[in-house]
Amino acid sequence: MMAEMTRISNTFFLIGSLLNDLGAYFTPMLYALEERELILDIFEAVAGSRMMCNFFRFGGVARDLPEGTLQIDQGNFLLERLPRHD
């Protein structure tokens, strides 16, 4: 799960940088970095580090996820991130 979240966070950065290079200026990059921060917060809760998390060990992982790390209020979480149209 942590490896997939690493891949997803790197993809957020890739897409934001690509759109910035294609001329979308910095707005998509800011949205991508905002979503990437959520994944980095989970890394920090699990491994104590945001960017270079040392979580994997031979034969398993260093420790389990702390209680409540992945529990979010899904209704408010999605409504905060959906675009608002009047």
Side-chain angles (χ1 to χ4, degrees):
M1 185 171 92
M2 296 296 282
E4 287 299 314
M5 289 189 351
T6 302
R7 185 182 60 81
I8 290 169
S9 72
N10 292 336
T11 304
F12 278 138
F13 195 79
L14 168 79
I15 291 172
S17 298
L18 174 68
L19 292 174
N20 192 29
D21 289 343
L22 290 175
Y25 304 112
F26 206 59
T27 304
M29 185 67 169
L30 289 175
Y31 284 117
L33 288 176
E34 181 180 348
E35 299 301 322
R36 186 174 181 250
E37 285 293 318
L38 296 173
I39 295 174
L40 293 180
D41 288 341
I42 294 172
F43 287 168
E44 185 177 16
V46 171
S49 173
R50 295 175 63 82
M51 297 297 287
M52 306 294 265
C53 76
N54 188 11
F55 183 70
F56 298 109
R57 303 279 193 268
F58 290 108
V61 295
R63 56 184 171 262
D64 288 334
L65 292 171
E67 290 294 324
T69 302
L70 299 177
Q71 294 177 355
I72 57 172
D73 184 14
Q74 293 175 354
N76 290 336
F77 182 77
L78 291 176
L79 290 177
E80 289 174 358
R81 281 163 173 68
L82 290 175
R84 291 176 172 75
H85 298 288
D86 292 333

| field | Side-chain heavy atoms of Phe43 within contact of Thr6, under 4.5 Å | value | yes
| Ile8: what forms a side chain to side chain contact (heavy atoms under 4.5 Å, CB included) with it, not counting sequence neighbours? | Phe12, Ile39
| request: Apply side chain to side chain contact (heavy atoms under 4.5 Å, CB included) to Thr11 and list each qualifying residue two or more places apart in sequence or on a separate chain. | output: Arg7, Ile15
| message | Hydrophobic cluster membership, with links at side-chain heavy-atom distances under 4.5 Å among I/L/V/M/F/W/Y: are Tyr31 and Leu19 in one? | response | no
| Rest of the hydrophobic cluster containing Leu30 (Ile/Leu/Val/Met/Phe/Trp/Tyr, side-chain heavy atoms under 4.5 Å)? | Phe13, Phe26, Met29, Leu33
| request: Look only at the side chain of Asn20 and the backbone of Gly16, and say whether a donor-acceptor pair between them is shorter than 3.5 Å. | output: no
| Gap between atom CG of Leu40 and atom CE of Met5 - 0.5 Å precision | 9.0 Å
